[in-house]
Amino acid sequence: MNSLLRGKVWCLDDQVDTDQLIAGKYLTIIDPNELRKHVMEDLLPEFSKKAQPGDIIVAGENFGCGSSREHAPAALAAIGLGAVVANSFARIFYRNCINLGLAAIEVPDIRSHFRAGDIAEIHLSEGYVKNVTQGKEARFPPLPTHILEILDAGGLVNKVRKELGTA
Amino acid sequence: MSGQTLAQKILERASGHAGPRPGEIVVGKVDLAMGHEQGAQAIAPFLQMGAPRVWDPDRVVIAIDHWVPASTEGAAKLHQMLRHFSAEYHLPHFYDVGNHGICHQMLAENGWVVPGDLAVGTDSHTNMLGAMGAFAVGIGPTEFAAVLATGKIWLKVPSSIKINLKGTLGKGVYAKDIVLKVLSQVKTDGARYKALEYHGSTAEGLSMSERFTLSNMTTEMGAKAGMFLPDATTNEYLRSIAKHESHPLLPDADATYEKEYSFDMNGMEPQVACPHSPDNVRPISEVVKEHVKVDQVFLGSCTNARMDDLREAAGIFRGHKVAPGVRFIVSPASTQIYNQCLKEGLIELFTQGGAVFTNSSCSACFGGNMGIIAPDEVCASTSNRNFPGRMGSTKGKIYLMSPAAVALTAIRGEISDPREVL
Ligand code: SF4
């Protein structure tokens, strides 16, 4: 993965839970490409149709809270999002994002720096998020090597393949 | 260098990395991995990883519990996938229908997690096993697949919170009331990414079942792990059932805690978590004054459906009937507990009073199997979550309390204080 990401921003507020990301009735769907059609169906209906690979979600507090279902980040990863940046994340959701190869970055108060449609630039190993549109910048501790390796590999599956020599 | 917390000690042992500091990433060897229905989602990534075998079949437990026996075709397929996978990869420790129970309870009562272990499970309440003096943490299916393939997991070393509990519980006040009180202060995000340690004379005096209740609900505080210090009570519980050797570890006396809270149990009254958050906690006397009528009462879940919980509730329910218009659902946490209830006559005691005594499963706890509530219905429950929609309709209301409190509530049809009859 390129450490430098750039994309159009979608904004979400505080406490967006995994139920809002993908409703409970879709939990028996396993195919991520099917799941992505239903992502945020009630919360942000145009998202599943209009979101482009490389787009970036900027969310508020405790993003991905609620039930620890992996369907939610799997649906986001299937869209090919560049990253999700949030004031804070729910723990298992954060891990699931990383393990699926989706960069998750915690930056306190980042939500207030962005409006929907702004362009964001993120550098994972240098540790900054820029709002290119509004000319603002925030910093975060650069992601540790272990996490960058998982993201680089495109997720934990590929990372393990490399380790096991099955790649 | 200051001393280490229990989380640091266990992660040091699991990773072989001396003196891990909070925020550092370590890769730890897993002592026990548990998968429930969500484990079925790990099969595809496991196959993609291309591992020729599961790292150690004797360290893997599969325990289906959410829909047991399968109540939807989707659930039936998940069970089928797990059965085929377990047969193909020679996983002998599969708790299937007939020898089933809530996954965390199955780990506990069969001695799968012992002091010093690093345990992982595909369920967010895996924290419950922290009561063993272990670092027990909930993980997603892709990382469960990686654990099956490699026996290892990456973890960020958490900072820790120390909870000091002192004083004696009064009549009608239980482990559930302690943890609700703790939640009222720590709140649902206060322990996020952190490990929580229970200390103090009250903690030391708790039985294993009570410790499970307290560790279980550290998940509601956002905690990564919720631990007790292993002691004689832990050893006694595990004496004849431990599946592998333990490595008891204790925090250093000069360990650094990010935060400390102290609670005095003397004079504390029973607590109730009111809709719609487990930290919206009030003393029961305030709630009782509002005459909250209930439609359903649930005595079950991994939080509070062990023998002591069911006996305590039965003691209050004995000789009474469920209030007219109320449904009382009792679901023991495991088949072993079910059988013990049968022996002690508790099943009859509940059903003759008009309760329904179900087979052991997650049951009404998560709103996906049975005991689902309709819009505007009110449920009093011994489970751990009361977010909107948790037990069915998002327009329903859930109150969380102790087994004794729900038993009296079932009899009276409105939220009631067990101290009145004890
Ligand atoms: S009983 Fe409830 S909280 Fe416990 S594992 Fe089952 S669904 Fe989760």
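The figures that follow rest on heavy atoms only: side chains count, while hydrogens, waters and symmetry mates do not. Chain identifiers are assigned alphabetically (A, B, ...) following the order of the sequence lines, protein sequences preceding nucleic acid strands; residue numbering begins at 1 within each chain. This structure is a prediction, so every number in the text was calculated from the model and none was measured.
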- Note on the structure: Taking a cut-off of under 4.5 angstrom between non-hydrogen atoms, the residues of residues 37-57 of chain B near chain A are B:Q38, B:Q41, B:P45, B:Q48, B:M49, B:G50, B:A51
- Query: Any idea which heavy atoms bring A:V160 and B:A149 closest together, and the distance?
  - Reply: CG1-CB, 4.2 Å
- Message: Does any backbone or side-chain atom of A:E106 lie under 4.5 Å from a heavy atom of chain B? Answer side chain, backbone, both or neither.
- Response: side chain
- Message: Would you say NZ of B:K29 has more than 12 non-hydrogen atoms from neighbouring residues, nucleotides or ligands within 6.0 angstrom?
- Response: no
- Message: I need the residue from B:F387, B:Y193, B:W154 with the largest number of non-hydrogen atom pairs under 4.5 Å to chain A.
- Response: B:W154
- Query: Considering residues, nucleotides and ligands other than B:R21, do more than 12 of their heavy atoms fall under 6.0 Å from its CZ?
  - Reply: no
- Task: State the CD-CD1 distance between A:E70 and B:I139, to the nearest 0.5 angstrom.
- Result: 9.5 Å
- Message: Please report the interatomic distance CG(B:D189) to OG(A:S88), rounded to the nearest 0.5 Å.
- Response: 7.5 Å
- Between CD1 of B:I25 and CG of A:L143, what distance do you get to the nearest 0.5 Å? 9.0 Å
- Option that, when pairs with chain A are counted at under 4.5 Å, heavy atom only, ranks first among B:R390, B:R192, B:E73, B:E24: B:R192
- Heavy-atom distance under 4.5 Å between the side chains of A:L100 and B:E143, does that happen here? no
- Note on the structure: Rounding to 0.5 Å, atoms CZ (A:R91) and OG1 (B:T219) come to a distance of 8.5 Å
- Between B:G23, B:S124, B:G138, B:G389, the one whose heavy-atom pairs under 4.5 Å with chain A are most numerous: B:G138
- Other residues, nucleotides, ligands: >12 heavy atoms within 6.0 Å of A:K8 NZ: yes
- Check the surroundings of atom NZ in B:K395: do more than 12 heavy atoms from other residues, nucleotides or ligands lie under 6.0 Å from it? no
- Output for pair (B:T188 OG1, A:N62 CG), nearest 0.5 Å, gives 7.0 Å
- Note on the structure: One option among A:I147, A:N158, A:T145, A:I98 has the most heavy-atom pairs under 4.5 Å with chain B, and it is A:I147
- Message: I need the A:L156 CG to B:T150 OG1 distance, nearest 0.5 Å.
- Response: 8.0 Å
- For A:F89, is it the side chain, the backbone, both or neither that has a heavy atom under 4.5 Å from a heavy atom of chain B? both
